[in-house]
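This report refers to the structure that appears directly beneath it.
Naming: A, B, ... by sequence-line order, numbering from 1 per chain. Values reported hereafter were calculated over all heavy atoms of this structure, with side chains retained and with hydrogens, waters and symmetry mates removed.
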Number of protein chains: 2
Amino acid sequence: MKLSKTSEYALRILIYMAKKPADLYTAKYLIEQLHVSDKYLRRLMTELSKAGFIKSTQGRDGGYTFAKPINEISLYDIIDSVESMDKLNDCVLGFNECSCTNPCAMHDEWLVIRQKLNKIFHETKLSDLDFEHVLRY
Amino acid sequence: MKLSKTSEYALRILIYMAKKPADLYTAKYLIEQLHVSDKYLRRLMTELSKAGFIKSTQGRDGGYTFAKPINEISLYDIIDSVESMDKLNDCVLGFNECSCTNPCAMHDEWLVIRQKLNKIFHETKLSDLDFEHVLRY
DNA sequence: AATAAATACTACTTATTTGTAGCATATTAA
DNA sequence: TTAATATGCTACAAATAAGTAGTATTTATT
Ligand code: SF4
Ligand code: SF4
(Lines give C-alpha, C1' and ligand atoms only; values in the text may rest on other atoms or scores of the structure.)
(Ligands and ions follow the chains in the order given, each with its own letter.)
Protein backbone atom coordinates (compact mmCIF):
# COMPACT_ATOMS: atom_id res chain seq x y z
CA MET A 1 0.00 0.00 0.00
CA LYS A 2 2.36 2.61 -1.20
CA LEU A 3 3.79 4.60 -4.02
CA SER A 4 6.76 3.22 -5.91
CA LYS A 5 10.20 4.68 -5.29
CA THR A 6 10.06 6.15 -8.76
CA SER A 7 6.90 8.08 -7.89
CA GLU A 8 8.47 9.32 -4.70
CA TYR A 9 11.45 10.61 -6.63
CA ALA A 10 9.25 12.23 -9.27
CA LEU A 11 7.24 14.00 -6.59
CA ARG A 12 10.29 15.14 -4.65
CA ILE A 13 11.99 16.51 -7.74
CA LEU A 14 9.00 18.39 -9.11
CA ILE A 15 7.99 19.68 -5.69
CA TYR A 16 11.51 20.91 -5.16
CA MET A 17 11.47 22.67 -8.53
CA ALA A 18 8.01 24.10 -7.84
CA LYS A 19 9.36 26.22 -5.05
CA LYS A 20 10.99 28.45 -7.65
CA PRO A 21 9.12 27.40 -10.77
CA ALA A 22 10.81 29.73 -13.23
CA ASP A 23 14.36 28.59 -12.47
CA LEU A 24 16.48 26.30 -14.59
CA TYR A 25 17.74 23.24 -12.73
CA THR A 26 20.61 21.03 -13.78
CA ALA A 27 20.59 17.32 -13.05
CA LYS A 28 23.81 17.75 -11.11
CA TYR A 29 22.26 20.34 -8.82
CA LEU A 30 19.11 18.30 -8.18
CA ILE A 31 21.19 15.23 -7.39
CA GLU A 32 23.12 17.19 -4.77
CA GLN A 33 20.02 18.72 -3.23
CA LEU A 34 17.79 15.65 -3.23
CA HIS A 35 20.33 12.85 -2.77
CA VAL A 36 18.94 10.75 -5.55
CA SER A 37 21.24 8.47 -7.52
CA ASP A 38 22.74 10.18 -10.57
CA LYS A 39 21.69 7.86 -13.36
CA TYR A 40 18.31 7.13 -11.88
CA LEU A 41 17.44 10.80 -11.62
CA ARG A 42 18.59 11.54 -15.15
CA ARG A 43 16.52 8.71 -16.58
CA LEU A 44 13.54 9.92 -14.62
CA MET A 45 14.02 13.51 -15.82
CA THR A 46 13.83 12.29 -19.41
CA GLU A 47 10.57 10.53 -18.59
CA LEU A 48 9.18 13.64 -16.95
CA SER A 49 10.17 15.67 -20.00
CA LYS A 50 8.40 13.24 -22.32
CA ALA A 51 5.38 13.44 -20.06
CA GLY A 52 5.33 17.19 -20.66
CA PHE A 53 5.87 18.51 -17.15
CA ILE A 54 9.34 19.85 -17.81
CA LYS A 55 11.43 20.60 -20.84
CA SER A 56 15.13 19.97 -21.16
CA THR A 57 17.78 22.10 -22.76
CA GLN A 58 20.77 20.11 -23.89
CA GLY A 59 24.32 21.27 -24.10
CA ARG A 60 26.26 23.68 -22.00
CA ASP A 61 24.10 25.88 -19.75
CA GLY A 62 21.35 23.36 -20.26
CA GLY A 63 19.05 21.89 -17.65
CA TYR A 64 15.41 21.43 -16.88
CA THR A 65 12.58 23.86 -16.35
CA PHE A 66 8.82 23.60 -16.19
CA ALA A 67 7.07 23.22 -19.51
CA LYS A 68 3.76 24.54 -18.21
CA PRO A 69 2.31 26.48 -15.28
CA ILE A 70 2.59 24.54 -12.05
CA ASN A 71 -1.05 25.16 -11.23
CA GLU A 72 -1.82 22.85 -14.15
CA ILE A 73 0.19 19.94 -12.75
CA SER A 74 -1.64 17.73 -10.28
CA LEU A 75 -0.11 15.12 -8.03
CA TYR A 76 -2.25 12.61 -9.89
CA ASP A 77 -0.64 13.53 -13.21
CA ILE A 78 2.84 13.15 -11.80
CA ILE A 79 2.30 9.76 -10.26
CA ASP A 80 0.30 8.54 -13.22
CA SER A 81 3.13 9.38 -15.57
CA VAL A 82 5.67 7.11 -13.89
CA GLU A 83 3.54 4.34 -12.42
CA SER A 84 0.07 3.76 -13.66
CA MET A 85 -2.54 5.46 -11.52
CA ASP A 86 -4.91 2.97 -13.12
CA LYS A 87 -3.63 0.61 -10.51
CA LEU A 88 -5.46 2.69 -7.97
CA ASN A 89 -8.59 2.36 -9.98
CA ASP A 90 -8.08 -1.30 -10.67
CA CYS A 91 -9.77 -3.88 -8.57
CA VAL A 92 -8.26 -4.29 -5.12
CA LEU A 93 -8.71 -8.00 -5.45
CA GLY A 94 -6.85 -8.31 -8.70
CA PHE A 95 -9.78 -9.20 -10.92
CA ASN A 96 -9.30 -7.77 -14.36
CA GLU A 97 -12.90 -7.38 -15.29
CA CYS A 98 -15.31 -5.63 -13.05
CA SER A 99 -18.42 -3.58 -13.34
CA CYS A 100 -20.92 -2.23 -10.89
CA THR A 101 -23.35 -4.89 -12.04
CA ASN A 102 -20.83 -7.62 -11.31
CA PRO A 103 -19.30 -6.56 -8.01
CA CYS A 104 -17.39 -8.43 -5.38
CA ALA A 105 -17.75 -8.19 -1.63
CA MET A 106 -15.47 -5.22 -1.25
CA HIS A 107 -17.05 -3.10 -3.93
CA ASP A 108 -18.91 -0.59 -1.79
CA GLU A 109 -16.08 0.03 0.63
CA TRP A 110 -13.44 0.35 -2.02
CA LEU A 111 -15.49 2.71 -4.13
CA VAL A 112 -15.59 5.26 -1.32
CA ILE A 113 -11.87 5.04 -0.73
CA ARG A 114 -10.82 5.34 -4.30
CA GLN A 115 -13.12 8.23 -5.04
CA LYS A 116 -11.64 10.21 -2.18
CA LEU A 117 -8.12 9.33 -3.19
CA ASN A 118 -8.75 10.29 -6.78
CA LYS A 119 -10.34 13.54 -5.78
CA ILE A 120 -7.54 14.70 -3.55
CA PHE A 121 -4.75 13.63 -5.89
CA HIS A 122 -6.49 15.27 -8.82
CA GLU A 123 -7.34 18.49 -7.06
CA THR A 124 -3.95 19.09 -5.50
CA LYS A 125 -1.70 20.95 -7.91
CA LEU A 126 1.98 21.65 -7.42
CA SER A 127 1.04 25.26 -6.75
CA ASP A 128 -1.22 24.26 -3.86
CA LEU A 129 1.55 22.87 -1.73
CA ASP A 130 2.62 24.64 1.39
CA PHE A 131 6.17 25.85 0.96
CA GLU A 132 6.09 28.12 3.99
CA HIS A 133 7.10 25.62 6.62
CA VAL A 134 9.14 23.36 4.46
CA LEU A 135 12.38 22.25 6.02
CA ARG A 136 13.26 19.30 3.88
CA TYR A 137 12.92 17.69 0.46
CA MET B 1 -0.19 2.97 -5.77
CA LYS B 2 -1.64 -0.37 -4.97
CA LEU B 3 -1.85 -3.29 -2.64
CA SER B 4 0.54 -6.17 -3.10
CA LYS B 5 -0.67 -9.41 -4.70
CA THR B 6 -0.29 -11.05 -1.34
CA SER B 7 -2.70 -8.56 0.23
CA GLU B 8 -5.16 -9.11 -2.59
CA TYR B 9 -5.06 -12.85 -1.98
CA ALA B 10 -5.42 -12.43 1.77
CA LEU B 11 -8.46 -10.23 1.28
CA ARG B 12 -10.07 -12.51 -1.30
CA ILE B 13 -9.59 -15.57 0.86
CA LEU B 14 -10.87 -14.08 4.09
CA ILE B 15 -13.76 -12.31 2.38
CA TYR B 16 -14.73 -15.59 0.76
CA MET B 17 -14.64 -17.36 4.09
CA ALA B 18 -16.55 -14.54 5.76
CA LYS B 19 -19.61 -15.31 3.70
CA LYS B 20 -20.12 -18.40 5.83
CA PRO B 21 -17.88 -17.63 8.78
CA ALA B 22 -18.57 -20.77 10.80
CA ASP B 23 -17.58 -23.22 8.08
CA LEU B 24 -14.35 -25.15 7.83
CA TYR B 25 -12.46 -24.60 4.60
CA THR B 26 -9.74 -26.83 3.22
CA ALA B 27 -6.87 -25.35 1.24
CA LYS B 28 -7.85 -27.56 -1.68
CA TYR B 29 -11.36 -26.16 -1.75
CA LEU B 30 -10.22 -22.54 -1.53
CA ILE B 31 -7.72 -23.09 -4.32
CA GLU B 32 -10.49 -24.40 -6.56
CA GLN B 33 -12.87 -21.58 -5.71
CA LEU B 34 -10.44 -18.69 -5.81
CA HIS B 35 -7.96 -19.85 -8.45
CA VAL B 36 -4.92 -19.03 -6.38
CA SER B 37 -1.76 -21.08 -6.79
CA ASP B 38 -1.62 -24.08 -4.46
CA LYS B 39 1.63 -23.48 -2.59
CA TYR B 40 1.21 -19.76 -2.43
CA LEU B 41 -2.22 -20.03 -0.84
CA ARG B 42 -1.03 -22.60 1.68
CA ARG B 43 1.89 -20.44 2.73
CA LEU B 44 -0.41 -17.48 3.05
CA MET B 45 -2.90 -19.46 5.14
CA THR B 46 -0.13 -20.28 7.59
CA GLU B 47 0.68 -16.57 7.83
CA LEU B 48 -2.96 -15.71 8.40
CA SER B 49 -3.14 -18.35 11.11
CA LYS B 50 -0.11 -16.94 12.85
CA ALA B 51 -1.67 -13.50 12.59
CA GLY B 52 -4.63 -14.87 14.52
CA PHE B 53 -7.43 -14.43 11.99
CA ILE B 54 -7.92 -18.12 11.35
CA LYS B 55 -6.91 -21.34 13.02
CA SER B 56 -5.83 -24.48 11.26
CA THR B 57 -6.61 -28.09 12.03
CA GLN B 58 -4.03 -30.46 10.68
CA GLY B 59 -4.54 -33.99 9.54
CA ARG B 60 -7.47 -35.68 7.90
CA ASP B 61 -10.69 -33.64 8.06
CA GLY B 62 -8.51 -30.65 8.79
CA GLY B 63 -8.78 -27.19 7.34
CA TYR B 64 -9.15 -23.57 8.31
CA THR B 65 -11.79 -21.67 10.18
CA PHE B 66 -12.01 -18.23 11.76
CA ALA B 67 -10.24 -17.84 15.07
CA LYS B 68 -12.34 -14.88 16.15
CA PRO B 69 -15.60 -13.11 15.27
CA ILE B 70 -15.46 -11.52 11.85
CA ASN B 71 -16.74 -8.24 13.19
CA GLU B 72 -13.42 -7.96 15.00
CA ILE B 73 -11.35 -8.26 11.81
CA SER B 74 -10.80 -5.04 9.91
CA LEU B 75 -9.48 -4.70 6.39
CA TYR B 76 -6.61 -2.77 7.94
CA ASP B 77 -5.65 -5.71 10.12
CA ILE B 78 -5.66 -8.10 7.19
CA ILE B 79 -3.51 -5.99 4.94
CA ASP B 80 -1.21 -5.01 7.78
CA SER B 81 -0.52 -8.63 8.59
CA VAL B 82 0.89 -9.48 5.17
CA GLU B 83 2.38 -6.20 3.98
CA SER B 84 3.14 -3.49 6.42
CA MET B 85 0.37 -0.92 6.65
CA ASP B 86 3.06 1.29 8.09
CA LYS B 87 3.98 1.89 4.51
CA LEU B 88 0.77 3.82 4.19
CA ASN B 89 1.69 5.90 7.16
CA ASP B 90 5.25 6.35 6.06
CA CYS B 91 6.29 9.44 4.24
CA VAL B 92 5.13 9.56 0.62
CA LEU B 93 8.48 10.95 -0.32
CA GLY B 94 10.49 8.19 1.25
CA PHE B 95 12.05 10.17 4.08
CA ASN B 96 12.53 7.97 7.07
CA GLU B 97 12.23 10.62 9.72
CA CYS B 98 9.40 13.04 9.79
CA SER B 99 7.45 15.01 12.30
CA CYS B 100 4.87 17.72 12.11
CA THR B 101 7.50 20.22 13.20
CA ASN B 102 9.77 19.14 10.37
CA PRO B 103 7.43 18.81 7.41
CA CYS B 104 8.02 18.70 3.69
CA ALA B 105 6.00 20.35 0.95
CA MET B 106 3.44 17.59 0.72
CA HIS B 107 2.71 17.30 4.40
CA ASP B 108 -0.69 18.97 4.55
CA GLU B 109 -2.11 17.23 1.51
CA TRP B 110 -0.87 13.81 2.46
CA LEU B 111 -2.10 14.07 6.02
CA VAL B 112 -5.70 14.43 4.84
CA ILE B 113 -5.42 11.48 2.48
CA ARG B 114 -3.85 9.11 4.90
CA GLN B 115 -6.23 9.93 7.72
CA LYS B 116 -9.19 9.11 5.50
CA LEU B 117 -7.59 5.95 4.24
CA ASN B 118 -6.75 4.81 7.73
CA LYS B 119 -10.22 5.57 8.96
CA ILE B 120 -12.03 3.61 6.31
CA PHE B 121 -9.68 0.63 6.39
CA HIS B 122 -9.86 0.49 10.17
CA GLU B 123 -13.60 0.91 10.41
CA THR B 124 -14.53 -1.63 7.78
CA LYS B 125 -14.76 -5.10 9.29
CA LEU B 126 -15.23 -8.33 7.40
CA SER B 127 -18.79 -8.40 8.69
CA ASP B 128 -19.54 -5.02 7.12
CA LEU B 129 -19.05 -6.17 3.57
CA ASP B 130 -21.98 -6.48 1.27
CA PHE B 131 -22.48 -10.12 0.37
CA GLU B 132 -25.93 -9.61 -1.10
CA HIS B 133 -24.93 -8.77 -4.62
CA VAL B 134 -21.70 -10.68 -4.76
CA LEU B 135 -21.19 -12.59 -7.97
CA ARG B 136 -17.50 -13.26 -7.83
CA TYR B 137 -14.49 -13.80 -5.58
C1' DA C 1 37.59 24.21 -34.40
C1' DA C 2 38.38 22.70 -29.69
C1' DT C 3 36.73 22.38 -25.14
C1' DA C 4 33.68 22.15 -21.37
C1' DA C 5 29.34 21.21 -19.48
C1' DA C 6 25.21 19.64 -20.01
C1' DT C 7 21.36 15.83 -21.42
C1' DA C 8 20.11 11.08 -23.92
C1' DC C 9 20.55 6.37 -24.63
C1' DT C 10 21.54 1.33 -24.10
C1' DA C 11 22.91 -2.47 -21.60
C1' DC C 12 23.91 -4.55 -17.37
C1' DT C 13 23.54 -5.65 -12.18
C1' DT C 14 21.22 -6.03 -7.87
C1' DA C 15 17.24 -6.41 -4.81
C1' DT C 16 12.54 -7.54 -3.98
C1' DT C 17 8.36 -9.81 -4.83
C1' DT C 18 5.89 -13.57 -6.55
C1' DG C 19 5.41 -18.27 -7.67
C1' DT C 20 6.88 -23.46 -7.59
C1' DA C 21 8.61 -28.06 -6.05
C1' DG C 22 9.33 -31.51 -2.83
C1' DC C 23 9.38 -33.42 1.46
C1' DA C 24 7.97 -33.45 6.47
C1' DT C 25 4.40 -33.58 9.92
C1' DA C 26 -0.21 -34.27 11.88
C1' DT C 27 -4.75 -36.55 12.42
C1' DT C 28 -8.60 -39.53 11.48
C1' DA C 29 -10.65 -43.82 10.30
C1' DA C 30 -10.75 -48.40 8.55
C1' DT D 1 -0.93 -49.86 12.39
C1' DT D 2 -1.51 -48.45 7.95
C1' DA D 3 -3.59 -45.57 4.40
C1' DA D 4 -5.68 -41.42 3.23
C1' DT D 5 -6.05 -36.64 3.57
C1' DA D 6 -4.96 -32.69 5.59
C1' DT D 7 -1.38 -28.65 6.84
C1' DG D 8 3.83 -26.97 7.59
C1' DC D 9 8.37 -26.01 6.16
C1' DT D 10 12.52 -25.05 3.39
C1' DA D 11 14.82 -24.14 -0.61
C1' DC D 12 14.73 -22.81 -5.21
C1' DA D 13 13.05 -20.31 -9.74
C1' DA D 14 10.97 -16.67 -12.33
C1' DA D 15 9.38 -12.01 -12.90
C1' DT D 16 9.54 -7.26 -11.78
C1' DA D 17 11.44 -3.03 -9.86
C1' DA D 18 15.42 -0.39 -8.59
C1' DG D 19 19.95 1.09 -9.27
C1' DT D 20 24.61 1.46 -11.98
C1' DA D 21 28.06 2.02 -15.74
C1' DG D 22 29.67 3.62 -19.86
C1' DT D 23 29.13 5.97 -24.07
C1' DA D 24 26.94 9.13 -27.39
C1' DT D 25 24.98 13.52 -28.43
C1' DT D 26 24.08 18.48 -27.96
C1' DT D 27 25.40 23.37 -27.39
C1' DA D 28 27.66 27.75 -25.51
C1' DT D 29 32.06 29.66 -24.88
C1' DT D 30 36.67 30.48 -26.16
S1 SF4 E 1 -16.42 -4.66 -7.19
FE2 SF4 E 1 -14.94 -6.11 -6.38
S3 SF4 E 1 -14.04 -7.00 -8.24
FE4 SF4 E 1 -14.95 -5.07 -8.82
S5 SF4 E 1 -13.32 -3.53 -8.60
FE6 SF4 E 1 -14.50 -3.53 -6.71
S7 SF4 E 1 -13.33 -4.87 -5.40
FE8 SF4 E 1 -12.68 -5.34 -7.49
S1 SF4 F 1 5.70 16.00 6.09
FE2 SF4 F 1 6.71 15.44 4.18
S3 SF4 F 1 8.44 14.21 4.86
FE4 SF4 F 1 6.97 14.18 6.50
S5 SF4 F 1 5.66 12.40 6.13
FE6 SF4 F 1 4.63 14.16 5.24
S7 SF4 F 1 5.28 14.06 3.11
FE8 SF4 F 1 6.75 12.83 4.26
Residues in side-chain contact (heavy atoms from CB on, under 4.5 Å) contact with A:Thr6, at least two apart in sequence or another chain:
A:Ser4, A:Tyr40, A:Leu44, A:Val82
Write out all pairs satisfying salt bridge (charged side-chain N to carboxylate O under 4.0 Å, His left out) with one or both partners inside residues 118-127 of chain A, taking only residues at least two apart or from two chains.
A:Lys119-A:Glu123
Describe the nucleic acid contact of A:Lys5 in one word from base, sugar-phosphate, nothing, applying a heavy-atom distance below 4.0 Å.
sugar-phosphate
Identify, with sequence neighbours excluded, every residue that meets salt bridge (charged side-chain N to carboxylate O under 4.0 Å, His left out) alongside B:Glu47.
none
For DNA chain C, determine which residues of residues 41-51 of chain B have any heavy atom closer than 4.0 angstrom to one of its atoms, and list them numerically.
B:Arg43
In this structure, would A:Leu24 and A:Phe66 fall into the same cluster of hydrophobic residues linked by side-chain contacts under 4.5 Å?
no
Salt bridge (charged side-chain N to carboxylate O under 4.0 Å, His left out) contacts touching residues 21-39 of chain A (sequence neighbours left out)
A:Asp38-A:Arg42
Could you run through nucleotides 24-30 of chain D and give me one letter per nucleotide, 5' to 3': B if any protein heavy atom sits under 4.0 Å from the base, S if only the sugar-phosphate is that close, - if neither?
--BBB--
Counting distance alone, no hydrogens or angles: does the base of C:dG22 have a donor or acceptor under 3.5 Å from a partner atom on the side chain of B:Lys39?
yes
Can you list the residues that meet the ring-ring contact (aromatic ring centres under 6.0 Å, His included) rule with B:Phe131, with sequence neighbours excluded?
none
According to side-chain contact (heavy atoms from CB on, under 4.5 Å), who are the partners of B:Gln33, at least two apart in sequence or on a separate chain?
B:Tyr16, B:Tyr29
Members of residues 6-36 of chain B that approach DNA chain D, where some heavy atom sits under 4.0 Å away:
B:Thr26, B:Ala27
Would you say A:Ser56 places a side-chain N or O within less than 4.0 Å of OP1 or OP2 belonging to C:dT7?
no
Below 4.0 Å: OP1/OP2 of D:dG8 and any side-chain N or O of B:Tyr64:
yes
To the nearest angstrom, how far is B:Asp38 atom CG from D:dT7 atom C1'?
11 Å
Taking only residues two or more places apart in sequence, or in another chain, which ones meet A:Gln115 in a side-chain contact (heavy atoms from CB on, under 4.5 Å)?
A:Leu111
Between D:dT20 and A:Ser37, is there an OP1 or OP2 to side-chain N/O distance shorter than 4.0 Å?
yes
Rounded to the nearest 0.5 Å, the CG atom of B:Asp128 sits from the CD atom of A:Glu109 at a distance of 6.5 Å
Listing request: all side-chain hydrogen bond (donor to acceptor under 3.5 Å, both in side chains) pairs with a residue in residues 49-71 of chain B, at least two apart in sequence or in separate chains.
none
Using the side-chain contact (heavy atoms from CB on, under 4.5 Å) criterion, which residues pair with B:Ser81? Sequence neighbours excluded.
B:Leu48, B:Ala51, B:Phe53
